[in-house]
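Comments concern the structure below.
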Protein chains: 4
Amino acid sequence: MNKRSGIGSKKRIVDAALKLFSEYGYSKASMRMIANASGISIGGLYLYFKNKDELYLTLIKSRLDELADVTRQSLKGISDPADALIKFISLQLAYAKRHRELILVQGREYGFVFGMSAKKKFFKVQRGFIEGVIRKGIRSGVFKKCNVKETAKIIICTLRGFILSLIVETDALFSPHECSKLLLNGLLKKE
Amino acid sequence: MNKRSGIGSKKRIVDAALKLFSEYGYSKASMRMIANASGISIGGLYLYFKNKDELYLTLIKSRLDELADVTRQSLKGISDPADALIKFISLQLAYAKRHRELILVQGREYGFVFGMSAKKKFFKVQRGFIEGVIRKGIRSGVFKKCNVKETAKIIICTLRGFILSLIVETDALFSPHECSKLLLNGLLKKE
Amino acid sequence: MNKRSGIGSKKRIVDAALKLFSEYGYSKASMRMIANASGISIGGLYLYFKNKDELYLTLIKSRLDELADVTRQSLKGISDPADALIKFISLQLAYAKRHRELILVQGREYGFVFGMSAKKKFFKVQRGFIEGVIRKGIRSGVFKKCNVKETAKIIICTLRGFILSLIVETDALFSPHECSKLLLNGLLKKE
Amino acid sequence: MNKRSGIGSKKRIVDAALKLFSEYGYSKASMRMIANASGISIGGLYLYFKNKDELYLTLIKSRLDELADVTRQSLKGISDPADALIKFISLQLAYAKRHRELILVQGREYGFVFGMSAKKKFFKVQRGFIEGVIRKGIRSGVFKKCNVKETAKIIICTLRGFILSLIVETDALFSPHECSKLLLNGLLKKE
DNA sequence: TATGAATGAGGGTTCATTCAT
DNA sequence: CATGAATGAACCCTCATTCAT
């Protein structure tokens, strides 16, 4: 019915799939549901994606790329390491809130199929950002000396936990401000 | 292969299910797979569990209870808030490492079926522990004043992210020691 | 084997199901059997019928409607009550013989599921026909006075027993002519 | 637990099975249900009956024999053919009402397994009774001449339809008195 | 004789994928 | 490009039957 360009159809599929996968998970979101939601026929889905796996993968990749871009963009031009960290955290949290589908990046359903390589690389890149910030902070004397790699891992895990909370229990979400404060100052009172 | 003791059978089923659910997720782990892995016939599975849902739920519940117990046990008798926090963190991480199946507690596949209530309650209890520790620390003058609830959320999310990393990318695991240090002292150098 | 016309498929399913249900009963006729007999794949069955119940119900409903129609048609235009009764009886018997599947209307397997409402209504309508005929006969002085409702029930039960005999023992089938004769004249010799 | 004699156990099984088969039909009444209802273990069922088929068959046979006996008993000693017919009809209907399980004699579910031979024989015997009565009536000049075999079939079918009505729609049951009257006198007014 | 845990074929149903149109 | 009827493997679950005790 829709003589629209293939690119339009593809976008409609991606949008619908994003919504359904993030709501129902990989297994419970059927190709038929995606077809109905996108207004494309079942057969049509297979014109743009070889199979369900590929569709899912494409979604993850696109989200990952977008987030990486956003991160890169917003971090350049900020020279103060503390500011950079604050910016980074609030950015990730804001993005996660706006794109709940990001949750599917965490999906473990398909780990054994995709081999995680895309995700691994993504998180490595993210960690690289943080590590850079921390190292810079230490060099400039703003941050105390610490195990850079470990610290970066911890920060990433905190953000990852936040994303998961989007689904599991939304009342567990914390504020970027408080998070930054804690990470920067710690709990202990400095005498 | 024949007529084993009932108790042994149930344990074998639970063990196999734990492994398969945590590796493949709820949907992709089939009852047939669990039957094969446990050396029990398909019909035998239904002698011990009414259906797949109940089996899954039983698993989650038992893990949740166990972890809650372990947490409670190890926290009592520690009066110093900083020590308590350190203990709490290292405990959770150690437990998560030993029981990779814990990941299924995070499963989002079944949220819309089980209503999450068990999980929500569990995480609320965990958060309660931390809040208690923080409050005590503030009262005793060891910790600086802060938003207790938010801080507790952040810590829980960090641990949650750690559990998730168990599956997604094991090289992202951080050490309890470094985590405690960061949370206690923060990044900023106190001049 | 491939992509036949949808309409043809549905008819083939109905025909096969009719045959199998009436031969084996609801429970023992499996969807796989019906699929094989109709030359349609198992999945294909569910393209036309939501589930086994619906398929069975559709069959019953269609038979019931058809027979009711046939009855109505052939009775209009006959004014003599005796002729009408004879016609009615021979019609029912002829129809039952041609459509042995009618037996499934009698099926008791599904009473507690379907609630029998369709059947009850059908037999009530049939009884209504007979009652009308009898009443008319009495009014016109052709029939003797009698308990109209009871008499109608008896006639319906006789026909119902005939249908059942189609399955149980075909040599128990009686001729419409003899049946009419008995009902009209009785056994006793009028002196 | 019950060290009762085997005969007591067998009776309990038969009673339970009779009730369950007549209520749920052959397929939907499971061996487990019968075991529970009879207070015998599942394995115990197979001590007395080779399998489900045999249990079912035994039930039918016993009911059939009992009814045949009752019929035989009550007919001997009645010399008037009209009285005999009336007696026969009221007897059958009363028995059917008291033993709703009789319905399973009509069960068509298992026709293809049992070959119907038992049932066929039973109904043949019943028909023999009626034929004898009719023939006697004709010979004695009480009944008018008629096709004996056909007439007997019709009467049997009427009773069979009555039994079926027990399940399908109880408000279709007729009275033995009205039935006898109709069969004896017919509908037509004798001028 | 009696038990009931264990088995596994088979039941109804779903769904990713294909292909004639 | 696009459609959707058709396919069939696989899923969850039931139940008649067996057998070690």
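Chain letters run A, B, ... following the sequence lines, proteins first and then strands; every chain starts at 1.
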Discussion item. Quick check: any donor-acceptor pair below 3.5 Å linking the side-chain of C:R32 to the base of E:dG12?
Written reply: yes
Worksheet item: With nearest nucleotides of DNA chain F determined for C:G43 and D:G43 from heavy-atom distances, which residue corresponds to the more 5′ nucleotide?
Response: C:G43
Response to the item:
Contacts of C:L45 and A:G44 projected onto DNA chain F by closest heavy atom; the upstream (5') one is A:G44
Check whether [X] reaches the backbone of [Y] with its side chain - one donor and one acceptor, N or O, closer than 3.5 Å.
X	Y	result
D:K28	D:L20	no
B:E54	B:K50	yes
C:K52	C:A29	yes

Response to the item:
Nearest-nucleotide check on DNA chain E, C:S30 vs B:L47; residue mapping nearer the 5' end is B:L47
Nucleotide nearest [X] (side chain, heavy atoms from C-beta), chosen from [options]:
X	options	value
A:Y46	E:dA16, F:dT14, F:dT7	E:dA16
B:I42	E:dT7, F:dT14, F:dT17	F:dT14
B:S41	F:dA16, E:dA6, E:dA16	E:dA6

Nearest-angstrom distance from the residue atom [atom1] of [X] to [atom2] of [N]:
X	N	atom1	atom2	result
D:N51	F:dT17	CG	P	5 Å
A:I34	E:dA16	CD1	P	8 Å
B:I13	E:dA5	CD1	C1'	11 Å
C:L20	E:dG11	CG	P	12 Å
D:K52	F:dT18	NZ	C1'	17 Å
D:F49	E:dA2	CZ	P	13 Å
D:Y26	F:dT14	OH	P	19 Å
D:M31	F:dT18	CE	C1'	12 Å

Discussion item. Does a side-chain N or O of C:S9 approach OP1 or OP2 of F:dA6 to a distance below 4.0 Å, or not?
Written reply: yes
Item to complete: Examine F:dA2: is either OP1 or OP2 under 4.0 Å from a nitrogen or oxygen in the side chain of A:Y48? Give yes or no.
Response: yes
Worksheet item: Should the pair B:K11-B:D15 be classified as a salt bridge under the 4.0 Å nitrogen-to-oxygen rule?
Response: yes
Fill in: Gap between atom OH of D:Y48 and atom CD1 of D:I13 - 0.5 Å precision
6.5 Å
Discussion item. What does the 5'-to-3' dot-bracket notation of DNA chain F look like when only Watson-Crick and G-U wobble pairs under 3.5 Å count, and pairs to other strands show as |?
Written reply: .||||||||||||||||||||
Item to complete: In sequence, state the C-alpha distance, the side-chain angles, and the governing distance for B:I34 and B:F21, and then conclude on side chain to side chain contact (heavy atoms under 4.5 Å, CB included).
Response: CA-CA 9 Å; B:I34 295 171; B:F21 278 139; 3.9 Å; yes
Discussion item. Pairing donors with acceptors under 3.5 angstrom, does anything connect the side chains of D:Y26 and D:D53?
Written reply: yes
